[in-house]
2 protein chains.
Amino acid sequence: MPSLSNFGERLLTAGMSHPLGVRQAQKQKTRQAFLDAALVLLEEQSLSSLGLREVTRAVGVAPTAFYRHFPSIADLGVELVKEALDSLHPLIGSTASAEGDRAERCARAVDLIAGHVEAYPAHVRFIAREWHGGVQPVREAIRRQLARFAEEVKVALAQHPESEGWSDEDLLMLAGLYVDQMLMTASQFLVALESSPEERDRVVRVTTQRLLLIDIGRDHWND
Amino acid sequence: MPSLSNFGERLLTAGMSHPLGVRQAQKQKTRQAFLDAALVLLEEQSLSSLGLREVTRAVGVAPTAFYRHFPSIADLGVELVKEALDSLHPLIGSTASAEGDRAERCARAVDLIAGHVEAYPAHVRFIAREWHGGVQPVREAIRRQLARFAEEVKVALAQHPESEGWSDEDLLMLAGLYVDQMLMTASQFLVALESSPEERDRVVRVTTQRLLLIDIGRDHWND
DNA sequence: GGAGTCAGTGAACAACTGTAACCACAGGCG
DNA sequence: CGCCTGTGGTTACAGTTGTTCACTGACTCC
């Protein structure tokens, strides 16, 4: 009986990753502690200057323990990319499939971005910073994932009736423009966050107008 | 007679900064050596991880000599921002005042950007990297300068006949969009530089289309 | 021509870095 | 139950870092 239940527990059952052995559970816990601590430290520096010891110190663990979880800081960074962009992923779905009036759609998109930035500022800061940052594998990971996002947006756009007569390449161009614009907007909210609420309002206004202009361009693309 | 010529030399005569004392000239020379060396080192790391000793070693000078020129690495960074964005400045002038057909104008703008990136890749990489980077004073310096660029573009746009009926705020919004798009384009050329020439062509196509779409949106803004 | 300024040197500092070897001990498995 | 695996701890090492201080010697100025 106990051997049977143990057997079931240590399987990484699809969809239910929770019931792991106590051992594995503890490991993932400290692993997550590394990721969280790193994210905090990265709020005021970039990954290429983040020290291994700095992270372990923040977690409250021996320096060498780091190697049990990541081969290097760069790999920790790649993992953070996954985490951060996974949290951003649902956002692109709901913005791409928004309904209603043009102005409403744009305003709603900006609102969603603002909400996300205020919910996960550290994640957003990390992505914005390392997007062009000094650690090549991390840069590549971000670029790859953003390319996937653009691909997704393209598919979503293709289903809209406004996209009739659009070539596949042009749709991807527009999708990329949206994705990039989303990140730029998020970054602007980031700086507005540590400024006045009036600045936040200004950013809302400006970025909404930007989206509007792009949307208008989209409507008259095939003239 | 010699005292008279010396007197003239050591004045920082307006417009002619060349005839300084031998002393000052040598100082500015090593100062420039610091900036150049730093720029090279920054091609594969970000400023927040750039060490003082690393720079002095590259210049071939004692570590302490650094302090004769900059109080800290961050100040070196701010100076690099000036240098890099000054080299980028003429570009925004010539793109904003471009003439001709819409497609021609956009293609020419992309061409100018591509040319600049290939002429000063290190400058562009530095700006793109530190734009959201980990050193606050540098970030601020870049943002301030980019805001000035946007202001300039706004003024240039206002003179165009297409800008009739545009509010000042909307013009600034458009100008900011152009400036940001310019940097994003430059960054994309940067990654294309260390890739295939076909990738470069793809970037040319996509970014030109992006500008075109924005330009179309501009035309139909007041409908 | 003599005094003074100052860019650059060299040695020394305490603090820090990544990483290696070895050890302890709790959880998992037969 | 007892053996083994493996997370995490400990100690140590060799380099590196930023910054200080007193110094030299060439250039500048009167």
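We name chains A, B, ... by the order of the sequence lines, and we start the count at 1 in each one.
Near DNA chain D, meaning a heavy atom under 4.0 Å away, there are no residues from residues 133-141 of chain A. Proximity of residues 29-44 of chain A to DNA chain D (heavy atom under 4.0 angstrom from any strand atom) is restricted to A:T30.
Across the helix from C:dA14-D:dT17 to C:dA26-D:dT5, the helix axis at one end is tilted relative to the axis at the other end by 20° (nearest 10 degrees, each axis from five pairs). For the helix from C:dG1-D:dC30 to C:dA12-D:dT19, the rotation axes defined at the first and last 5 base pairs enclose an angle of 10°, given to the nearest 10°.
Checking side-chain atoms of B:R210 against main-chain N and O of A:G176 turns up a donor-acceptor pair under 3.5 Å. A donor-acceptor pair is defined here as one N or O able to donate and one able to accept, closer than 3.5 Å; no such pair exists between the side chain of B:S46 and the backbone of B:L42. Between the A:S187 side chain and the A:L183 main chain, no donor and acceptor come within less than 3.5 Å of each other. Remark: the backbone N or O of A:G133 is paired with a side-chain donor or acceptor of B:R129 at under 3.5 angstrom. Between the side chain of B:S49 and the backbone N or O of B:Q45, no donor-acceptor pair lies under 3.5 Å. At least one donor-acceptor pair closer than 3.5 Å links the side chain of A:T207 to the backbone N or O of A:V203. Within the 3.5 Å criterion, the main-chain N or O of B:G51 finds a donor-acceptor partner in the side chain of B:E54. Side-chain atoms of B:E130 come within 3.5 Å of backbone N or O of B:L47 as a donor-acceptor pair. Formation of a donor-acceptor pair under 3.5 Å by the A:S196 side chain with backbone atoms of A:E199 is found in this model.
Using a 30° and 60° split on the angle between ring planes, B:H132 and A:H132 fall in the parallel class, below 30°. In this structure, B:H116 and B:Y120 have tilted ring planes: the angle between them lies in the 30° to 60° band. Ring geometry, A:F70 versus A:F66: the interplanar angle falls from 30° to 60°, so the pair is classed tilted.
Whole-Å rounding puts the B:H69 NE2 to C:dC6 C1' distance at 11 Å. A:Q24 has its CD atom 14 Å from the C1' atom of C:dC29, to the nearest Å. Separating the CD atom of B:Q28 from the P atom of C:dA7 is a distance of 11 Å, rounded to the nearest angstrom.
Checked for salt-bridge contact, A:R148 and A:E151 miss the test: no charged N lies under 4.0 Å from a carboxylate O. Using a cutoff of 4.0 Å between basic side-chain nitrogens and carboxylate oxygens, A:R143 and A:E140 are not scored as salt-bridged.
Between the side chain of B:T64 and the base of D:dT20, no donor-acceptor pair of N or O atoms lies under 3.5 Å.
For A:P63, whose side chain is taken as the heavy atoms from C-beta onward, the closest listed nucleotide among C:dT9, D:dT19, C:dT19 is C:dT19. The side chain of B:V22 approaches D:dC27 more closely than any other nucleotide in the set C:dA7, D:dC21, D:dC27.
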Could you run down the sub-3.5 Å N/O contacts of the protein with nucleotides 13-18 of chain C?
| unit_1 | atom_1 | unit_2 | atom_2 | d |
| --- | --- | --- | --- | --- |
| C:dT17 | OP1 | A:R57 | NH2 | 3.1 |
| C:dT17 | OP2 | A:R57 | NH2 | 2.8 |
| C:dG18 | OP1 | A:L52 | N | 2.5 |
| C:dG18 | OP2 | A:L52 | N | 3.3 |
| C:dG18 | OP2 | A:R53 | N | 2.9 |
| C:dG18 | N7 | A:R53 | NH1 | 2.4 |
| C:dG18 | O6 | A:R53 | NH1 | 2.9 |

Grab the N/O contacts between the protein and nucleotides 23-26 of chain C below 3.5 Å, and write none if there aren't any.
none

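Within a 6.0 Å radius of CZ in B:R105, more than 12 heavy atoms belonging to other residues, nucleotides or ligands are found. Heavy-atom contacts from other residues, nucleotides or ligands closer than 6.0 Å to CD of B:E43 number more than 12.
Under the side-chain contact (heavy atoms from CB on, under 4.5 Å) test applied with A:L174, the options A:V153, A:V179, A:I214 reduce to a single match, A:I214.
Nucleic acid contact class of B:A65 (heavy atoms, under 4.0 Å, all strands): base.
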>> As a quick check of understanding, evaluate side chain to side chain contact (heavy atoms under 4.5 Å, CB included) for B:E44 and A:Q136, giving each step before the final call.
In response: CA-CA 8 Å; B:E44 32 200 330; A:Q136 202 240 10; over 6 Å; no
